[in-house]
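Below is one structure, written out as structure tokens, with a few remarks after it.
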Amino acid sequence: MMEFYSADPTRQRIPANTPAKAQVAHTTSWVSPWLSPLAYLLGRHFLLPFFFRRINIVGQEHIPESGPVILAPTHRARWDALLVPYAAMGCMTAKDLRFMVTITECQGLQGWFVRRLGGFPVDPKHPSIRTLRHGVDLLLQRKTLVIFPEGDIYRDGEVHPLKPGIGRLALSAEFSQPGLGVKVIPISINYSQRYPHWGTDVTIHIAPSIKVADYTNGCIKQNAQHLTADLAKVLQQLNHQESEITTHAFAEIPNS
């Protein structure tokens, strides 16, 4: 995540070390009307049920039917990018989802698919202010953003320090339109194997939403830190939660 803070969200400070190219780079995202439904349909009915032995979802009722929402999952494997939409598709459609991903994931053949499935890049080393502005714009359009707050994949089963950008982005959107009602949904993903392979089990815990409006009094930078700290605390709790697991049945994905 990148530096992103200001009392006035319409006048964001660009970090001094941000290259000129990063400052002027255009950021956009879109969802292919034919590839996205097809990809999720094939993933749900063929790829995921073939590869994984069981996918357990706890707390799916906490995902709202529409945005503005930030889904904030832990990052344990590249499968996460398919499992998060799988967990959310009973509540929202593919066209609502946008993914903030590292710039390397938007390159080559993989990048061709990522960009057509709602992904847009962020360069962690040289972040562009326009990337975060695009994220804010999407929330103002009541879309759902998927952001992995740890940044990288960690396979040790522990929740690692969260990047600060997620709190700043959420608060900037809420300040841009008071009463917008941005929600952050903590999600913990755990595999029965450190490196998922055929027959691996997956457990996805979804917590009640964190209401961003509760963090709008005072300094946006400090509030963003508090929001991020609370998100980390919930992810830690989910990660070690030992509640009753229910198996989620594979269901139809809406084509719209």
Side-chain angles (χ1 to χ4, degrees), residues 1 40 43-44 48-49 51-65 67 69-92 96-102 105 144-167 169-170 182-197 199-212 214-215 224-251:
M1 288 294 176
Y40 287 129
R44 177 178 292 266
L48 293 178
F51 189 83
F52 294 105
R53 187 172 72 95
R54 184 180 295 110
I55 301 176
N56 302 312
I57 301 178
V58 178
Q60 191 182 41
E61 67 276 7
H62 297 312
I63 297 181
E65 295 182 357
V69 172
I70 298 176
L71 301 181
T74 55
H75 208 4
R76 300 294 168 260
R78 293 199 178 276
W79 287 100
D80 300 342
L82 286 177
L83 288 167
V84 171
Y86 171 79
M89 279 305 161
C91 309
M92 56 185 61
D96 295 318
L97 293 174
R98 297 292 191 276
F99 295 81
M100 181 181 287
V101 299
T102 61
E105 294 178 278
T144 297
L145 277 176
V146 180
I147 302 177
F148 296 100
E150 294 170 294
D152 296 319
I153 293 175
Y154 295 98
R155 302 183 187 273
D156 58 6
E158 299 298 325
V159 176
H160 287 249
L162 308 187
K163 304 298 183 182
I166 187 169
L169 188 154
V182 179
K183 298 177 181 178
V184 179
I185 311 294
I187 301 175
S188 176
I189 304 176
N190 286 289
Y191 300 87
S192 59
Q193 303 294 330
R194 177 171 293 191
Y195 291 88
H197 53 72
T200 296
D201 290 338
V202 187
T203 300
I204 303 173
H205 281 92
I206 304 169
S209 62
I210 297 174
K211 297 180 180 179
V212 178
D214 293 340
Y215 299 81
Q225 292 172 346
H226 293 157
L227 193 161
T228 303
D230 288 347
L231 172 61
K233 185 183 301 183
V234 175
L235 288 175
Q236 290 279 7
Q237 294 171 348
L238 288 180
N239 202 48
H240 298 94
Q241 186 173 336
E242 296 181 0
S243 61
E244 182 179 354
I245 305 298
T246 57
T247 301
H248 179 76
F250 289 84

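Being a predicted model, the structure only gives us computed values, none of them experimental. What you see below is based on every heavy atom in this structure, not just the backbone, and it leaves out hydrogens, waters and symmetry mates.
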Using atom types as modelled and distance alone, determine if a side-chain donor or acceptor of [X] lies under 3.5 Å from a backbone N or O of [Y].
X	Y	result
D230	L227	no
Q60	A87	yes
N239	S188	no

Checking [X] now: which residues fulfil side-chain contact (heavy atoms from CB on, under 4.5 Å) with it, not counting sequence neighbours?
X	answer
T228	L162, I166
A207	P186, V234, L238
D214	K211

To check you understand the geometry: which heavy-atom pair defines the closest contact between [X] and [Y], and what is its length?
X	Y	result
I210	Y215	CG2-CE1, 3.7 Å
P85	Y40	CB-CE2, 3.4 Å
V69	P64	CG2-CG, 3.3 Å
P149	P73	CD-O, 3.2 Å
F148	T74	CD2-O, 3.8 Å

Task: Sequence-distant partners of R78, salt bridge (Lys or Arg N to Asp or Glu O under 4.0 Å), two or more places apart - done: E105
Open item on the list: Evaluate V84 against I189 for side chain to side chain contact (heavy atoms under 4.5 Å, CB included), listing each step before the verdict.
Closed with: CA-CA 9 Å; V84 171; I189 304 176; 3.8 Å; yes
Please round to the nearest 0.5 Å and tell me the distance separating atom [atom1] of [X] and atom [atom2] of [Y].
X	Y	atom1	atom2	value
L145	R98	CG	CZ	9.0 Å
T200	R194	OG1	CZ	13.5 Å
T203	R54	OG1	CZ	9.0 Å
L48	Y86	CG	OH	7.5 Å
S209	I70	OG	CD1	12.0 Å
Q236	L231	CD	CG	10.5 Å

Do the non-hydrogen side-chain atoms of [X] and [Y] ever get within less than 4.5 Å of each other?
X	Y	answer
L83	Y191	yes
E158	H240	yes
R76	E150	yes

- [ ] Kindly determine whether I153 and D80 satisfy side chain to side chain contact (heavy atoms under 4.5 Å, CB included), including the steps that lead there.
- [x] CA-CA 10 Å; I153 293 175; D80 300 342; 5.5 Å; no
TODO: Look at the aromatic rings of F52 and W79 and report parallel, tilted or perpendicular, splitting at 30° and 60°.
DONE: perpendicular
Task: Partners passing side chain to side chain donor-acceptor pair (under 3.5 Å) against D156 (at least two apart in sequence or in another chain) - done: H160
Open item on the list: Checking R53 now: which residues fulfil side chain to side chain donor-acceptor pair (under 3.5 Å) with it, not counting sequence neighbours?
Closed with: D201
